[in-house]
Amino acid sequence: MARSCPVALVCAVLLLPAARAADPGPIDRTLAVQTAMAEAKNLLIASKSAEAVAALEKQLPNADGSRAFLDLLRSAYAAEVKRLQLAGADSKQVADVRTKLSLIGGAAPAPVVAASEPAPKPAAEPNKALEALRQAKDLFHQAQSEPGKYGPAAKLFAAAFLGKVRLSHEQMAAWAYCRVRVAADQLKRKTDPASAAEVAAEVEEALKLAPDNAGLQKVGAELIARARRAAGGARSAAPAADGWEVVETASFRVRHKGHRVQAEALARTAEAARGAIFARWSGPPGGAWGPKCEVVLHPTAADFAAATRQPAGATGRATVKLDGGRAVERRIDLRADDATAAVDALPREMTYVVLADLFPSAAPPRWAEAGMAVLACSPAEVERYRRTLARCYRDGELFPIEALFELKAPPAERVTGFAVESASLVAYLVKAKGERAFTAFLRDAQRYGLASALKRQYGVSDAKQLGDAWMQSELSVARAQAP
């Protein structure tokens, strides 16, 4: 049995991405994300949640699914909800921010009542960046006897860098060392493959801050090697006769043509994404995949389209072959020229591969697979789907819920409506009871039928009642915008 998951067709029709500027280098992306996080933390301290949200959303394409980044973004969204409530903002503004928060797994704060007097604004802090650098240097020296201060020192170095303070070579090395020490401590606490892959990636980026520090480079290289062993490694093989090179980890074999650095980074990201997707919908994976999942990184869009027979604008395809309820082949095709492959196409397609493990006897309904795959993408991509819901409602591209549940494949002229409706409905059900309850619902539907599963998991009698509740919650804005 084979499952081919051409979600790329949906993405090709839905909101094709605008032309992108030249992709910055890895260190520039990492520093941009770090500085945005430092800026957002300072803005949140200063009760400037809207500015904090803007600073973080700008770096979403570069965040690469960072857990710390998403945690901070959740905090910023929650603070912005409270600010809007206190300011008596329009209910649509509050609802929009609440939706963003829910889409990245955050719980929206309860409504608040405005105080009779506004909270006093924090006093201005001149030379904040210089003060951050001074504190960072002090903490760095103190950390030699109190290692717990390496983390705060790293954050302050980042804040100083954000404030346009020119750090000396010694200060850059101190910043890098702080990050390496924090990563080493993380590897001691968490040795699962996903955490180990994060450590290896963090140390690699930290070392770029001090390329001439031989001692730090040696220590960092040893830590990266340990982390890669814990994560299943990321080993590169020599090019084959056909020009393909291979990077391997515990669960993945990434094939590429001359994109070694990208392939190694993608392999590490794939290990982390695999663990995160399993944990989100079911629980930690039981072990490495066998056979490994082959990830083919095609050099260009044309190469991808020729190999997969997908539309030219598509960015990914997943294929799983099953025999007797066991995967005998796993494959994900991606494009090397897709700047967001690691945060959008890879986790989206990975969801289909994971679902074959979670549902080996019978695949979940098409709408559920499609919606779960979309929710694995970056918050920015999920938000694009959410915004498109209003347009699809207005243009009559959505389906009655009863019809959506029965669809094996959407009509070509309504594929966008199918995609955004599926993502919205899955997000609505996840918001109600969580991801694992949704997985239980899908299993109950296979065992006992849809009506029984809806009643058992969500307390609704049938698809129509669910559709009415979903429309009232998720489509109120869409109906208001319709002509």
Side-chain angles (χ1 to χ4, degrees), residues 1-16 277 281 304-322 327 329-334 344-345 347-377 381-382 384-386 388-389 391-393 395-429 438-439 441-443 445-446 449-450 453-454 463-464 466-467 470-471 474:
M1 181 176 110
R3 292 187 193 171
S4 181
C5 313
V7 74
L9 176 60
V10 172
C11 297
V13 178
L14 169 66
L15 298 172
L16 287 176
I277 293 168
W281 299 107
F304 172 88
T308 63
R309 298 183 181 179
Q310 297 295 301
T315 56
R317 185 189 68 169
T319 306
V320 179
K321 292 183 179 179
L322 298 172
E329 181 180 325
R330 302 176 176 92
R331 174 169 170 150
I332 297 174
D333 290 88
L334 300 172
D344 288 329
R348 182 188 69 218
E349 304 303 327
M350 183 84 68
T351 300
Y352 286 101
V353 182
V354 169
L355 285 175
D357 274 22
L358 299 182
F359 295 87
S361 300
R366 188 67 177 273
W367 68 271
E369 286 188 312
M372 295 165 82
V374 169
L375 295 188
C377 298
E381 183 70 359
V382 174
R384 290 206 306 162
Y385 277 78
R386 189 197 69 81
T388 309
L389 185 67
R391 198 270 299 162
C392 290
Y393 174 78
D395 294 348
E397 296 182 16
L398 303 184
F399 299 85
I401 293 296
E402 300 93 321
L404 181 74
F405 283 170
E406 298 298 326
L407 275 179
K408 303 300 182 185
E413 67 275 9
R414 297 175 69 183
V415 67
T416 299
F418 170 80
V420 298
E421 185 174 359
S422 298
S424 177
L425 183 58
V426 173
Y428 172 74
L429 293 173
F438 182 73
T439 303
F441 158 70
L442 295 178
R443 289 186 172 131
Q446 290 181 343
L450 179 65
L454 285 171
K464 183 180 184 306
L466 173 63
W470 168 72
M471 288 191 69
E474 305 298 314

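Numbers for residues simply follow the sequence, beginning at 1.
- Minimum heavy-atom separation, Leu375 to Ala423: CD2-O, 4.2 Å.
- Legend: residues meeting side-chain contact (heavy atoms from CB on, under 4.5 Å) with Ala305, ordered by chain and number and at least two apart, are absent.
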Please output the side-chain donor-acceptor pairs of residues 396-411 that fall under 3.5 Å, not counting sequence neighbours, one pair per line with the distance.
from: Glu397; atom 1: OE1; to: Arg391; atom 2: NH1; distance (Å): 3.3
from: Glu397; atom 1: OE2; to: Arg391; atom 2: NH1; distance (Å): 2.6

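- In this structure, OG1 in Thr416 is found 8.5 Å from OH in Tyr385, a value given to the nearest 0.5 Å.
- The minimum heavy-atom distance linking Cys377 with Val382 is given by the pair O-CG2, 3.9 Å.
- Closest approach of Leu322 to Pro360, counting heavy atoms only: CD1-O, 3.6 Å.
- Legend: residues meeting side-chain contact (heavy atoms from CB on, under 4.5 Å) with Gln446, ordered by chain and number and at least two apart, are Phe359, Ala362.
- Between Arg309 and Asp333 there is no salt bridge, since no side-chain N of the basic residue sits under 4.0 Å from a carboxylate O of the acidic one.
- When every heavy atom of Met372 is checked against every heavy atom of Leu442, the shortest pair comes out as SD-CD1, 4.0 Å.
- For residues 420-429, the set of pairs meeting the side chain to side chain donor-acceptor pair (under 3.5 Å) definition, not counting sequence neighbours, comprises Ser424-Trp470.
- With sequence neighbours excluded, the residues that form a side-chain contact (heavy atoms from CB on, under 4.5 Å) with Ala376 are Pro347, Thr351.
- Side chains of Glu381 and Val374 form no contact here, defined as non-hydrogen atoms less than 4.5 Å apart.
- The nearest pair of heavy atoms linking Ala463 to Leu454 is N-CD1, 3.7 Å.
- Closest approach of Val426 and Trp367 over heavy atoms only: CG2-CZ3, 3.7 Å.
- At least one donor-acceptor pair under 3.5 Å links the side chain of Arg443 to the backbone N or O of Leu358.
- Partners of Arg414 under the side chain to side chain donor-acceptor pair (under 3.5 Å) rule, at least two apart in sequence or in another chain, do not exist in this structure.
- Separating the CZ atom in Arg330 from the CE atom in Met350 is a distance of 11.0 Å, to the nearest 0.5 Å.
- Between the OG1 atom of Thr319 and the CD atom of Glu349 there is a distance of 8.5 Å, given to the nearest 0.5 Å.
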Trace of the side chain to side chain contact (heavy atoms under 4.5 Å, CB included) decision for Leu429 with Leu466: CA-CA 9 Å; Leu429 293 173; Leu466 173 63; 3.7 Å; yes
